[in-house]
Every structure is written in structure tokens, then in C-alpha cells.
There are 2 protein chains.
Amino acid sequence: MSALPAGSPNRRDRLRAETVQEIKDTARRVLVQRGVDGLSLRAVAREMGMTAPALYRYFSSRENLVENIVVDLYDELCAELGQAVDAARPATPPVQLLAASRAFRRWATTRRAEFGLLFGSAGDGLLPDVSAPADAPETPVQEAAGRFGGVFGGLVAAIYLERPFPTPAEKDLDPALRAQLVAWCRTLPVELPIGAMRVFLSCWIRLYGMVCMEVFGHLKFALDDAESLFEDELRQLAELLGVADAYATVERA
Amino acid sequence: MSALPAGSPNRRDRLRAETVQEIKDTARRVLVQRGVDGLSLRAVAREMGMTAPALYRYFSSRENLVENIVVDLYDELCAELGQAVDAARPATPPVQLLAASRAFRRWATTRRAEFGLLFGSAGDGLLPDVSAPADAPETPVQEAAGRFGGVFGGLVAAIYLERPFPTPAEKDLDPALRAQLVAWCRTLPVELPIGAMRVFLSCWIRLYGMVCMEVFGHLKFALDDAESLFEDELRQLAELLGVADAYATVERA
DNA sequence: CATGATAGTGAACGGTGTTAGCGAACGGCG
DNA sequence: CGCCGTTCGCTAACACCGTTCACTATCATG
């Protein structure tokens, strides 16, 4: 038991980290080529000239491998959003939010299989949440999802703090809803009016719904190309946040 | 080849139909208990005291069995919506739409596994649509999904025809979006202004997004119980359709 | 009754996730 | 350097999966 206090990058640890990365990269390639169901440990191992049991030296199960990939994907998505935010000109929160939204859709439509893993019903077991104890610690996947949500949340918060958009009065909200929003707000770094959190949820529901429907093919009954609808929704969201002027000044690229 | 001109319910055909039904019922039970991945032909067969190969006398593959279940689920969902619509009092389109929306959420949250099969990313292959020829005939699943969409579409249409809600002017819509909406409109039984179709899509996106997020657990980062948010969204949709009065008159059940 | 369609069986093929046991390579330490 | 424990990858194996095949009962019908 060589309890190295971390720090020193043993040659062995370095090789191990490289192998872990190669496995995840290969798995992701298999995921894209063969789909979620085709993502088998044996296929991954085959692709890198190994055998399936060897993968268990690095991941405790197929499920664990998938979870690690999901976390990586969330972080990659966050990075891509951050890049779009940084590149947005003018560098104002409204324009940045539009850029992030477009980057989100682009990422989703470009990497359909990965998106399905993160936001669809396939990735996480559908049922376990029922039995999950309320005080369970957050899983790495949930943490990564939280970081992702924070990108949009932070931008909407910045927009509000700079120029408050109209929000429903706290008194007009259903008590049950208000109580939950208050509890949620307490877990966040910034403090916003409850009504603003409600508006944020509305925006996120529409963005999520729009992109999900497009990627999962549930919009084909009406439209072949959903981009124009997406842009129109984006325009409406900008109006909702009182930043329609920002939408008007940004070309659709 | 006894080419009975249909009509006569041979004893044999009756038994066969019963077996088909039993297989589908059993499969659905397995789906609920074991999840999508646990829905195996062998498990179904085991549960009914048969062997897996025997199922191939009734369904050409596991995929085919799942497709048939999906169609049944769509129809069951439609029936449930229709029941809610019929039971709505007063029997006016706005109240009926609210009833249908609530029934949709109730069905989804009550049958999570089934909902994931219909509206998530697991059921239909994620990629084949890319290679699907544009002139391919509609699959039974697509037809069933169309019947489902028609319920909400019909109600929104009825609301508009009775008391037109505000719609964006056709001239203000992006040409690409307008063209697609026009093409879609031509495939429908009723003729509505293009702007009304746009509003319908907006409503559907929000309803779908809301229910999907709740069922797939993507709302847990903010809320424990999504019902109050759902009701608030519903109220906003009613306002969008100019029927806020109908929402106010209906208790939340 | 004889015939042919039908519904079920068990065996088998190739695939999967996963575990157990073995040997070879490797890094740290006396 | 040589020892020794850890790590790593392998093969073999188990249980399960979808699917095909050959075979046998059953049963309605000519």
C-alpha cells in the first residue's frame, strides 16, 4: 500500500490516466458509430486491441464507464458554451445568452447520440430516482449537470441584475411553487427575486423542449428543418427577458 | 392457403389474437418492472410459461414487438386524453384543452417507462432518420403519433375557430419558417392561419418540454414536485390562447 | 382419414456484461 | 542487483440476450 500523498505523477499513474482517456475516447467513438445500444465493452476493447475484462481495471462496470463519459460530455458542453459566451460581441449578458443558446442547439444537433445520453431517457436509469433517499449525496453526474445549468442560470441572473425584466409578483405565485423556488434559491450563489427564478425556468423549459423535440425527431411531423423555429423561439425568449434589442443586433450566423 | 375473405373469426385466429394480446400485456408488465433494457423476449416468454422462439410466431423481432407496444401505448394515451376531454365541464374547447394537458401529464408521470418509450430517446433508433428517404411511407408508429398530436392540434384549432387568439402576422414570420408551416398546414384537415400554427407549436413545445423534464428527472435540480410549476405553465398557455378565463373557472382537480 | 398449416419445443450460434484465476511486467526498496 | 508486492492484461467461464433451425405435436379442413 504505497499511500503516496498524491502530487507526484508516478510514471505508472500517468500511463494509467492515458489509458483511461483512451478508453473514454474510444467508447465515445463507438457510441457515435454504433449508437447507445452498440456501446459494448467488448466493442470498445476490440477497437483498442484489448479484451473486455481488461477494461474492468479502469471502470467498475459498463454503467460506470457511461457515467464517466456523461460527466465528460457535460464538461465539454460547458466548455463549448463558455467559448461561445466569450466570443459573443458585444460582450453583454443578453448577447452572451443568445450565443450560449445557439451553441447548445448546435452541440445537440451535431452530437445527437451524446445529447440523448445526457438529456434523454436512455442514459440514467428511469426508475431509481423513485427509491433514491432524499438526503443522498449528489452523484458526479448530477454535479456536472448542475455546472451546465449554472451557465444558463448565471447568464439570466446577469441579465436581470443589469436590467431587471418583468417578473410575476411573488404574491401571485402558487404557494407550493413559491416555497420550492425559495428553497432552490437558497442553494444558489446569487440571490434573485423568486419571480425571476420562475422566468428562468420558463426559458429553460422552452429551450430544452425545443432542442429535445428536434433532436429526438418529435418535430418532424411539422417541420423538416427546425432552425427557423428555434430562432423564432429565441426571439420570443429575448422578448420575455426584455432584451429583444439584443436579438435584433445579432446576426444569426 | 385458406384465403378466407376475412370476416369469419376462425377459432384459431381468435386464439392467436388472444395470445398476441397476452404477449403485449406481459411485455408491458416486464417493461414497467425491469425497465427498457430488461424488456427481453426471454423474460416475456418466461413470464407466460413459454420459450423465447415461440414469440417469433407472433412478432418478427424484439424491435417489432416494441413497435407494436408503442402503437398501443399511443392509442391508449389518446383514449385517456379523449376521456378527459369528454369529461371536461363545461364542454368548451379551452376547458377541454386544459383537461387534456393535465391528463397528458398524469399519464406521463404515472407511466414513466412507457412515456420514455414514446417520447424519449430510447424507443426509436436515434440515427436511422438521417438515412430515411424523404418519400418513405409513414410507419404505424408515426401514424399513431400523428393521431396523438391531432388531439391537441384539434383542440387548439377549435379554440381558435371559436374565438381567435392573437397570432403573429404572417408577414412577420421568417420566410423559411413560414414556408414550412404552410407546407405542414396543407397536410391537415382544417385550415388555420399560419400564425396560429406557430402558436400551437409554441404551446406544444412548452407542454412537451415541461413533462419531459419532469419525467426524465431533469427538473429535480430545482423542484421536488413539479405539479405547481406545471399548473403555472398551463395558466400561461391559457393566457397565450386567450382563454385565461377558462383556466380560472376550472379547479385543479 | 390424410394433409397441410400452425404453434410450440430444444439445440445452437454469436453476441453481451461480468467474475475468477493466472502469468507477465513493472516500480520501489533493501 | 534481487526481491516482492502491485498492477495489468490475458484466457476461461457463467449467465443472459436475440435469433435461426430442425423437429414434433396439434388441429382444422379437403
Side-chain angles (χ1 to χ4, degrees), chain A residues 1-24 26-27 30-31 33-69 117 122-125, chain B residues 1-24 26-27 30-31 33-69 117 122-125:
Chain A
M1 222 17 152
S2 65
L4 281 188
S8 81
N10 291 7
R11 178 187 125 86
R12 219 162 192 169
D13 292 3
R14 191 167 38 81
L15 285 183
R16 183 180 174 83
E18 278 174 16
T19 306
V20 165
Q21 192 55 48
E22 185 184 348
I23 293 174
K24 292 197 286 192
T26 310
V30 172
L31 165 67
Q33 287 172 347
R34 307 259 219 273
V36 184
D37 295 333
L39 175 48
S40 70
L41 292 184
R42 285 188 151 95
V44 173
R46 217 179 297 128
E47 192 111 351
M48 39 190 299
M50 290 179 57
T51 61
L55 298 181
Y56 282 79
R57 301 284 179 191
Y58 304 91
F59 298 94
S60 61
S61 67
R62 188 197 112 112
E63 177 71 12
N64 180 251
L65 170 59
V66 171
E67 279 176 15
N68 274 273
I69 293 178
L117 217 51
D124 27 22
Chain B
M1 217 27 160
S2 66
L4 283 187
S8 83
N10 292 5
R11 179 185 122 88
R12 218 163 195 170
D13 291 3
R14 190 167 39 80
L15 284 184
R16 183 180 175 85
E18 278 174 16
T19 306
V20 165
Q21 192 55 48
E22 186 184 346
I23 293 174
K24 291 197 288 192
T26 309
V30 172
L31 164 68
Q33 287 173 347
R34 306 258 219 273
V36 183
D37 295 335
L39 174 49
S40 69
L41 292 184
R42 283 188 152 97
V44 173
R46 217 178 299 129
E47 193 110 350
M48 351 179 357
M50 290 179 57
T51 59
L55 299 181
Y56 282 79
R57 300 284 175 190
Y58 303 91
F59 299 94
S60 60
S61 67
R62 186 198 116 113
E63 176 72 12
N64 179 251
L65 169 59
V66 171
E67 279 176 12
N68 273 274
I69 293 177
L117 216 51
D124 28 22

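Every chain is numbered from 1, with letters handed out A, B, ... down the list of sequences.
If you measure from atom CZ of A:R12 to atom P of C:dG28, you get 8 Å, rounded to the nearest angstrom. In this structure, B:E63 places its CD atom 18 Å from P of D:dC17, rounding to the nearest Å. Atom P of nucleotide C:dG15 and atom CG of A:D37 are separated by 17 Å, given to the nearest angstrom. Here the P atom of nucleotide C:dT16 and the CZ atom of A:R34 are 9 Å apart, to the nearest Å. Summarising the geometry, the separation between CZ on A:R62 and P on C:dT16 is reported as 11 Å, rounded to the nearest angstrom. Spacing between atom CZ of A:F59 and atom P of D:dC8 amounts to 12 Å, rounded to whole angstrom units. Distance CG (A:D13) to C1' (C:dC26): 13 Å, rounded to an integer number of Å. Atom-to-atom, CG of A:L55 to C1' of C:dT16 comes out at 13 Å; the value is rounded to the nearest Å.
Atoms CZ and OG1, from A:R57 and A:T19 in turn, are 13.0 Å apart once rounded to the nearest 0.5 Å. Of the inter-residue distances, the one linking A:N68 atom CG with A:Q21 atom CD reads 10.0 Å to the nearest 0.5 angstrom. A distance of 10.0 Å separates CD in A:E47 from OG in A:S40, rounded to the nearest 0.5 Å. With rounding to the nearest 0.5 Å, the separation of OH in B:Y58 from CE in B:M50 is 5.5 Å.
Using a distance-only test at 3.5 Å, with no hydrogens or angles considered, a donor-acceptor pair links the side chain of B:R62 to the main chain of B:L39.
For A:M50, whose side chain is taken as the heavy atoms from C-beta onward, the closest listed nucleotide among C:dA11, D:dC10, C:dT18 is D:dC10. With distances taken from any side-chain atom of A:R57 to the nucleotides C:dT19, C:dG21, D:dC21, the minimum falls on C:dG21. Residue A:N10 places its side chain closer to C:dG28 than to any other of C:dT18, C:dA25, C:dG28.
Note on B:S61: only backbone sugar-phosphate atoms sit closer than 4.0 angstrom, heavy atoms only; bases stay farther off. Within 4.0 Å (heavy atoms only), A:G38 reaches no atom of the nucleic acid at all.
Residue B:T51 has no polar side-chain atom (N or O) positioned under 4.0 Å from OP1 or OP2 of C:dG8. Residue A:R14 places none of its side-chain N or O atoms closer than 4.0 Å to OP1 or OP2 of C:dG27. Of the side-chain N and O atoms in B:Y56, none sit less than 4.0 angstrom from OP1 or OP2 of D:dC21. Close to D:dT7, at under 4.0 Å from its OP1 or OP2, lies no side-chain N or O of A:Y58. Residue B:R16 places at least one side-chain N or O closer than 4.0 Å to OP1 or OP2 of C:dA7.
Residue A:R42 places a side-chain atom within donor-acceptor reach of the base of C:dG17, judged by atom type and a 3.5 Å distance cut-off alone.
The residue among A:S40 and B:A54 whose nearest nucleotide of DNA chain C lies closer to the 5′ end is B:A54.
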